[in-house]
K.L.:
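I have a structure I would like to understand better, so I am pasting it below and will then ask my questions one at a time.
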Amino acid sequence: METTWPFVYNFPMSYEGKAKIMKDGPKEGTLVMLFKDDVTAGNGKKKAVIKGKGKINKAITLKLLKLLHDNGVPTHLIEDIDDRSILVKRLKIFPLEVVVRNIATGSIVRRLGLEKGMVFKRPLFELFFKNDDLHDPMICQEHAFMMDLIYPDDLLIVRNLSMRANEILKQYFDSIGFDLVDIKFEFGVDENEEIYLADEISPDTMRLWEKGTMTSFDKDVFREDKGDLLTTYTEVAKRMGLKIEGI
Ligand code: ATP
Ligand code: TYD
C-alpha cells in the first residue's frame, strides 16, 4: 500500500530550521546535520545566539546516538563530520514529537495540575503534532491515525523504541549524576520503510536535573532565565567525558 504523507518535510537542497541546518550529503539518501548556536523557546518567541552551543550539542548528540545504536536502537547516524556536523540518513520524518516522561514538569504540570517533581510509576509516552502554526499541540493516537501521520503498526514500533531509548539514556545519565526528567524523540523511515530514531538528542530536547534535586541542566535554564546556558551545557558535556575545543 502506498503511504500517504500529507505533512512530510520534503527538504529543498538545504533547509534551515531553528537549531540546525540540513543539507544534502555527499551520497544520495544522506544529509549533513549542522548544529547552529541559536537557541529558541516558546515556538521561536524567545531567541538568542549562544556562541559554542552548536559544538556542544553536536558532541552530545553524537555520543548519545552512538550509545543508543550500541544498545540496539536504530538511529539515523552515519558518521561524524566535523565539530559542528554529523552525517545522517535522510528520512521521511513522521510529523510527531514523541515525548517520554519520567518525572512531572513542564506542559504536563500545566495541563493536568500535577505536582512538579512527581516521579511516574512507569514512563509516560505522549504524542505532539509537529506543526509550528498550531504550536505543536498534544494529540492522542486516534488523532495521529485520523490525520495519517503514522500507521498503527509503525506507532507500536516507535513506542517500543522510545521506551527502550528512554531506559538506556535514563541509566546513562543516572551514572553521571543526572535524573533524566523527560525527553523528545523524532522518528522517520528510509527508502525501505525501516524506522530510525532521528534528529538531535541534547539538553535542548530533554530535561536533566541534578540527581535528587530539581536543578536544571537543560534548556529550562534559558526558558526560565535561570543562569548561563553555555556553562550549564558545558557541565553536561564534561560529565559525559567530552572534550570540546574552543569552549
Ligand atoms: P522543530 O524543532 O519543530 O523540528 P525546526 O525545523 O526549526 O523545528 P531544527 O531542529 O532546526 O527544527 O531542524 C531540523 C529539522 O530536520 C527538523 O524538522 C527535523 O525533523 C528534521 N530531521 C532531523 N533528522 C532528520 C533526518 N534524518 N532526515 C530528515 N529530516 C530530519
Ligand atoms: P513539554 O513539557 O511538553 O514542553 P514545555 O517546554 O512546553 O514545558 O516538553 C517535554 C520535553 O520534550 C522537554 O524536555 C522539551 C521536549 N520537547 C522538545 O524538545 N520539542 C518539542 O516540540 C516538544 C513538544 C517537547
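Counting starts at 1 for both ligands and their atoms, following the listed order. Just so you know, residue 1 is the first one in the sequence shown, and it goes up from there.
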K.L.:
Examine the proximity of ligand 1 to H76 and report which part, side chain or backbone, both or neither, has a heavy atom under 4.0 Å away.
P.N.:
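Contact part for H76 vs ligand 1: side chain (C-beta onward).
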
K.L.:
What is the closest protein heavy atom to atom 7 (O) of ligand 2, and at what distance does it sit?
P.N.:
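Going atom by atom, the protein heavy atom closest to atom 7 (O) of ligand 2 ends up being R110 NH2, 2.8 Å.
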
K.L.:
Below 4.0 Å from ligand 1: does a non-hydrogen atom of K36 turn up there or not?
P.N.:
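K36: no contact with ligand 1 (<4.0 Å).
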
K.L.:
I need the atoms of ligand 1 closer than 4.0 Å to a non-hydrogen atom of M22, numbered in the order shown.
P.N.:
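Taking each heavy atom of M22 in turn, ligand 1 has 16 (O), 22 (N), 23 (C), 24 (N), 25 (C), 31 (C) under 4.0 Å.
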
K.L.:
M206 heavy atoms, cut-off 4.0 Å: which ligand 2 atoms fall inside?
P.N.:
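Reading through ligand 2 atom by atom, the close ones are 14 (O).
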
K.L.:
With atoms numbered from 1 as shown, which atoms in ligand 1 lie under 4.0 angstrom from a non-hydrogen atom of L31?
P.N.:
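Ligand 1 atoms under the 4.0 Å threshold to L31: 28 (N), 29 (C).
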
K.L.:
Show the nearest heavy-atom pair for residues S216 and V221, with the distance to one decimal.
P.N.:
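Shortest heavy-atom separation between S216 and V221 comes out as O-CG2, 3.6 Å.
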
K.L.:
Please list, in number order, the atoms of ligand 1 under 4.0 Å from a heavy atom of E97.
P.N.:
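Every atom of ligand 1 under 4.0 Å from some heavy atom of E97: 3 (O).
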
K.L.:
Just heavy atoms, cut-off under 4.0 Å: does I93 contact ligand 1 by side chain, backbone, both, or neither?
P.N.:
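I93 to ligand 1: side-chain contact only, backbone stays beyond 4.0 Å.
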
K.L.:
Salt-bridge test for K58 and D82: reply yes if a basic N is under 4.0 Å from a carboxylate O, no otherwise.
P.N.:
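Looking at K58 and D82, the cut-off is not met.
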
K.L.:
Are M138 and I108 close enough that some pair of their side-chain heavy atoms sits under 4.5 Å apart?
P.N.:
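SC-SC contact between M138 and I108 ruled out.
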
K.L.:
Using a strict cut-off of 4.0 Å, indicate which atoms of ligand 2 neighbour a heavy atom of D136.
P.N.:
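By the 4.0 Å cutoff, the relevant atoms are 22 (O).
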
K.L.:
At what distance is the nearest protein heavy atom to atom 1 (P) of ligand 2, and which residue and atom is it?
P.N.:
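Here the nearest protein heavy atom works out to S107 OG, 3.3 Å.
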
K.L.:
Suppose I only count heavy atoms of D132 and a 4.0 Å limit; which atoms of ligand 1 are within that range?
P.N.:
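Once the distances to D132 are compared, the set is 3 (O).
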
K.L.:
So, applying side-chain contact (heavy atoms from CB on, under 4.5 Å) with N102, which one of V119, D179, N166 is it?
P.N.:
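It is N166, the one option of V119, D179, N166 that forms the side-chain contact (heavy atoms from CB on, under 4.5 Å) with N102.
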
K.L.:
Considering heavy atoms of the protein only, find what lies nearest to atom 24 (C) of ligand 2 and give residue, atom and distance to 0.1 Å.
P.N.:
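In this structure, atom 24 (C) of ligand 2 has F128 CG, 3.9 Å as its nearest protein heavy atom.
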
K.L.:
Answer side chain, backbone, both or neither: which part of V88 comes under 4.0 Å from ligand 1, heavy atoms only.
P.N.:
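The part of V88 near ligand 1 is the side chain, not the backbone.
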
K.L.:
So, 4.0 Å and heavy atoms of D218: is ligand 2 close enough to count as a contact?
P.N.:
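Contact check D218 vs ligand 2: negative.
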
K.L.:
Check ligand 1 against M33 and write out every atom of the ligand that is under 4.0 Å from a heavy-atom position of the residue.
P.N.:
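Matching atoms, with element in brackets: 23 (C), 24 (N).
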
K.L.:
Going by the atom numbers of ligand 2, which of them fall below 4.0 Å from some non-hydrogen atom of V99?
P.N.:
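Here the atoms of ligand 2 in question are 10 (C), 12 (O), 25 (C).
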
K.L.:
Go through ligand 1 atom by atom and flag the ones less than 4.0 Å from a non-hydrogen atom of Y15.
P.N.:
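Answer for ligand 1: 5 (P), 6 (O), 13 (O), 15 (C).
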
K.L.:
Step by step, work out the salt bridge (Lys or Arg N to Asp or Glu O under 4.0 Å) result for E186 and K184.
P.N.:
CA-CA 7 Å; E186 293 187 31; K184 184 270 299 183; 2.8 Å; yes

K.L.:
E16: heavy atom below 4.0 Å from ligand 1, yes or no?
P.N.:
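Flag not set, E16 not near ligand 1.
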
K.L.:
Of the backbone atoms (N, CA, C, O) and the side-chain heavy atoms from C-beta on, which set of R101 has a member under 4.0 Å from an atom of ligand 2: side chain, backbone, both, or neither?
P.N.:
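Side chain only.
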
K.L.:
How close does the nearest protein non-hydrogen atom get to atom 13 (C) of ligand 2, and which residue and atom is it?
P.N.:
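For this ligand atom, the closest protein heavy atom is D182 OD1, 3.2 Å.
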
K.L.:
For ligand 2, note which part of R207 has a heavy atom under 4.0 Å away: side chain, backbone, both or neither.
P.N.:
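For R207, backbone and side-chain atoms both sit under 4.0 Å from ligand 2.
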
K.L.:
Suppose we measure from atom 23 (C) of ligand 2 to each protein heavy atom; which comes out shortest, and what is that distance?
P.N.:
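Answer for atom 23 (C) of ligand 2: K184 CG, 4.1 Å.
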
K.L.:
Specify the closest pair of heavy atoms between R223 and A41, including all atoms of both residues, with the distance to one decimal.
P.N.:
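Between these two residues, the closest heavy atoms are CG-CB, 3.8 Å.
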
K.L.:
Record the part of R223 in heavy-atom contact with ligand 2 below 4.0 Å; permitted values are side chain, backbone, both and neither.
P.N.:
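For R223, the contact with ligand 2 is made by the side chain alone.
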
K.L.:
Would the number of heavy atoms belonging to other residues, nucleotides or ligands and lying under 6.0 Å from NZ of K226 be above 12?
P.N.:
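It does: K226 NZ has more than 12 such atoms within range.
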
K.L.:
Any idea which of K130, K92, K20 brings a heavy atom closest to atom 17 (C) of ligand 1?
P.N.:
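Ranked by closest heavy atom to atom 17 (C) of ligand 1, first place is K130.
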
